[in-house]
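Input: a single structure, listed below in structure tokens.
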Amino acid sequence: MSDTASATADPQVGPGDEDERGTVGPRVQSFRRRAGLSQEAAASRAGISTRALRDIERGRARRPRAHTLRSLAGTLGLSDDELAGLLADARTGPPRDTGRPSLLILGPLVLRRGRTPVPVAGPMLRRLLGLLALKHPEPATQQEITDILWPSGPPRSHPSLIHTYVTQTRRLLGPCGPRSARPPTVVRTPTGYRLEASRNRVDLGHFDELLARAERLHDASDLEARYASLTEALRCWRGPVLADADPVLRRHPAAVAADERRVRAALLHADTALLLRRSGEAVPLLADLVNTEPLHEGLHARLILALADSGEQAAALQVFTRLRDRLDEELGIEPGTEIRAAHLRVLRPRQPVPRRTALQAPAHREPAHRTESHPTETHPTESHPTEIRRAPADGTAPAGPTPPPAQLPLGARSFVGRRPQMRVLDTLVASDPARRPHIAVVVGAPGVGKTALATHWAHARRDHFPDGQLYVDLRGHSRPPALRPGDVLTQFLRALGAPPHVLPAHPPGEDEAAALYRTLLADKRLLIVLDNARDAEQVRPLLPGARGCAVVVTSRSRLAGLVSSDGARRIALDLLDPDEGRRLLGSIAGSCNVAAEEAAARRLVELCGGLPLAIRIAGANLVARNANIAAHCAELAGAGDGILDRLRIEGDRRSAVRSAFELSYRTLPDEARRMFRLLGQLPGPDLTVDAAAALAGTTPAASAALLARLADAHLVRERAGRFGLDVLLRSYARELIDTDEAHTARRRLMLSRAQDPARRDSGQANCSGSYASSAGSRA
């Protein structure tokens, strides 16, 4: 058996297993596999004997000499940091059994310290530890922890109970004996708790790193290295995620996503094994996974091909028959194109392997129980999962198959309301193609929840897009420069499987890249989410021509050009109403706490102006400070115009209302900035164009243009010809203006009314509230 093949024989190896043999041996073995070298080749190039390298990797030489490690480092292409780590491990020797803990969740939950299992007694501790490991390195929110620990509803004392369980978990993870590195622990965050540990201390993190490394290897010359990484990644799995946990934890979105990544790794592993003519090594893994995913046609197709390639044609045909019967009995459907193509390859083993052009990407059909069936008129042989792309003219080797992109970021855990907007977005997947729009644009003020709505809907409807989901933050309103369409097209083309040799040169080449992009998306059903767009010109090159694809764009601008010229449906987000704001606060600070202080919670939502970002920050600060809602309300109300100083999370620049407003304000031209600052002096909720002209000392026409510019950026609210600022935006505008500018503006308005009796007499219509008396008293 080859070295790589033997590595698949021990499914129990995972993070922390280096403690059993020292840390040097497993790391050298991992680096060698990453380089795609056998023991013989690596030893020969490093100038050492194969036996010496074998002894190092098996842990018999626990403190190899420094010059030997340096020779190996040069051969295996190690970085300076990786070599320094090996040398440090060689000096200190192997860790004792009292080493740092390792947490295994890819299968039953296991906590180990070195080689010694650590018992985790009690269902509550197991649930909490499993959730923290599942979310690692992200924090688990207070609400998530509550829902997992008490699925049927928490007791009144649940905050103190959570603190008790966290303390017990810290004791479990604490070191026992001498240590040279900081042990894993549980730390408090503004929204909950986070497991603080290196990624290789949790088997899921180790698996994700190996899978990401394999997916970065695109060239045919990297097939061996990719296969080794995938083999090592799949060895981390001992069964489904948290196989012995309660169903509520096994159904957590992070657990479902991890199982999906396992399937993705298995598909890529099988495809690579077929390309390397090592199909027999993939059969046991695929046979195990089809029992876990009994209706996943992609897994069955690869098992059929792997069995046939290994000479087991009869077994391959039995796999097809069993799946066909199951699909008919349970779902009443026929096998899809991919599984029929694999079946035909077994029946006609001599027919030539179909090839794709470099512009085509292999399609993978999702599990039949998760997606709708969308058969095409293509012959079954045209969708083989291991088809090799046509080699370029320069003779370079073809790239392997590329899985469908799945680039959606993590959706908001605490998402409330927005049902009318969700229904509008659902028209993108309407059954009637004639009534199905191609593009939806979600627009609104800074912090109103545009990205949260887009990603929440995209995750909920991802089954309607079996060919994948593309996502990009266009940085239209961000501190880094906005992305150019050509750069985004290059990213998307790589994700869609376009080989490097067909990517257009950039710059120039944007038009060519856009044409190739539209070609790849022809006849596909794919979702593209373009977040934080600056304007319509940044978006247009990224729009596909295929009607089966859908595009969701978010922006602080109105993007009227996409509505008028490209047929986009516009969805305008407003502030949350009091009930929705209270529910959002409860999802972060705890619904029990909000119910206990209902009046204070409503007041807090009011102080936040109904802005989702402000409510989330206020809720996170409540959790972090363990404060009651009434006291926090009093603190915010007492801040006056300095309320934005309180609506931020310490150490997180993105979690600050002022920063969100600033990103929009700095994109305005100077005259529009000045008008925005002056509007902060309004004593009433809104004003007319004429009143704004008097305030700014401009003509009504110039004032109307400036107000329209502010309304387009969603910094000013326009209703029935009147313009005003929301509560927090008014506080921000007042921060920006200096005393002289404010005094001059108020004086201009007062003099304008004194000189124009008609305007003075209609002051109530021009500016809500007595502007003249207010301005006079301030002057």
- Item | Geometric class of the His456/Phe415 ring pair [parallel <30°, tilted 30-60°, perpendicular >60°] |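 Judged by the thresholds at 30° and 60°, the geometry between Phe415 and His456 is parallel.
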Heavy-atom pair with the smallest gap, counting every atom of [X] and [Y]:
X	Y	answer
Leu230	Ala265	CD2-O, 4.0 Å
Trp457	Leu425	CZ2-O, 3.2 Å
Asp244	Leu109	OD1-N, 3.0 Å
Val256	Arg250	CG2-O, 4.3 Å
Gln469	Leu526	N-CG, 4.5 Å
Asn291	Ala287	ND2-O, 3.2 Å

Between the main-chain N or O of [Y] and the side-chain N or O of [X], is there a donor-acceptor pair closer than 3.5 Å?
X	Y	answer
Glu232	Leu210	no
Tyr227	Ala273	no
His269	Ser229	no
Ser310	Ala306	yes
Arg302	Gly298	yes
His343	Phe320	no
Arg32	Leu37	yes
His296	Val290	no

Within the 4.5 Å heavy-atom criterion, are Leu53 and Val28 side-chain neighbours or not?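 A side-chain contact under 4.5 Å exists here.
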Beyond-backbone contact of Gln318 with Leu307, side-chain heavy atoms, under 4.5 angstrom:
no
From CA spacing to verdict: salt bridge (Lys or Arg N to Asp or Glu O under 4.0 Å), Arg262, Asp288: CA-CA 12 Å; Arg262 180 192 188 188; Asp288 181 55; 3.7 Å; yes
Here's a test for you: under salt bridge (charged side-chain N to carboxylate O under 4.0 Å, His left out), which of Arg264, Arg226, Arg261 qualifies with Glu215?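 Going through the options one by one, the only one that passes is Arg264.
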For the atom pair [atom1] ([X]) and [atom2] ([Y]), what is the distance rounded to the nearest 0.5 Å?
X	Y	atom1	atom2	answer
Arg324	Asp328	CZ	CG	8.5 Å
Tyr517	Leu470	OH	CG	6.0 Å
Thr272	Glu281	OG1	CD	12.0 Å

Would Asp309 and Arg277 pass as an ion pair if we require N to O under 4.0 Å?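 So Asp309 pairs with Arg277 through a salt bridge.
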